[in-house]
Amino acid sequence: MNDVLSDNARKMLRIMHAYRRHLGVMPPMWQLQRRSSRRPEQIRAALQELADERYIQWQPGAPLETVVILEAWEREEPGIRRRSRRR
C-alpha cells in the first residue's frame, strides 16, 4: 500500500464524501464526471486506486451507488505532521 493518493483519487474521495454527506447517497457516474471534469475511465481508475488502498469498498463493474467509504480523509505520512488551523 502506498498511503499517498494521486490527485485524481483524492479528488474523487472528497467529491464522494461531500455528496454523500449532503445528499445521503453516492453520486452516479454523470455527477462525478460533472463535478470532477474527469472522463469515466479516469474515474474508474481513481475508484480502483481508492479500493486498492482501502479507502472505499467497491467492486469494479458494480454501480457507483454501491461504493462504501471506509475512510473519508487521506492518511498522513509517518513523520509528517500538518499544522492545525487555529482561528
Hey, could you give me the CD/CD1 distance between Gln33 and Ile15, rounded to the nearest 0.5 Å?
11.5 Å

With the side chain counted from C-beta on, respond yes when Lys11 and Arg35 share a heavy-atom pair under 4.5 Å apart, and no when they do not.
no

N/O donor to acceptor pairs below 3.5 angstrom from side-chain atoms of residues 66-73, sequence neighbours left out:
unit_1	atom_1	unit_2	atom_2	d
Thr66	OG1	Pro63	O	2.5
Glu71	OE1	Arg75	NE	3.3
Glu71	OE2	Arg75	NE	2.9
Glu71	OE2	Arg75	NH2	2.8

Show, in sequence, the C-alpha distance, side-chain angles and deciding distance for Gln42 and Met12, and conclude whether the side-chain contact (heavy atoms from CB on, under 4.5 Å) test is met.
CA-CA 10 Å; Gln42 292 174 303; Met12 288 304 123; over 6 Å; no

Asn8 vs Arg38 side-chain heavy atoms within contact, under 4.5 Å:
yes

Check step by step if side-chain contact (heavy atoms from CB on, under 4.5 Å) holds for Glu49 and Asp52.
CA-CA 5 Å; Glu49 179 181 344; Asp52 291 346; 5.6 Å; no

Without swapping roles, check the side chain of Glu53 against the backbone of Leu50 for a donor-acceptor pair under 3.5 Å.
no

Check this for me: Glu41, atom CD, are more than 12 non-hydrogen atoms of other residues, nucleotides or ligands nearer than 6.0 Å?
yes

Rounded to the nearest 0.5 angstrom, the CH2-CG distance for Trp58 and Leu47 is 5.0 Å

Side chains of Met16 and Leu64 in contact at under 4.5 Å (non-hydrogen atoms)
no

So which heavy atom on Ala46 is nearest to which on Ala9, and how close?
CB-CA, 3.7 Å

Side-chain donor or acceptor of Trp30 paired with backbone N/O of Arg34 under 3.5 Å:
no

What's the separation between atom CD in Glu65 and atom CE in Met26, rounded to the nearest 0.5 Å?
10.0 Å

Would you say Ser36 and Ile43 make side-chain contact, with heavy atoms under 4.5 Å?
yes

Kindly determine whether Val25 and Tyr19 satisfy side-chain contact (heavy atoms from CB on, under 4.5 Å), including the steps that lead there.
CA-CA 7 Å; Val25 295; Tyr19 195 96; 4.0 Å; yes

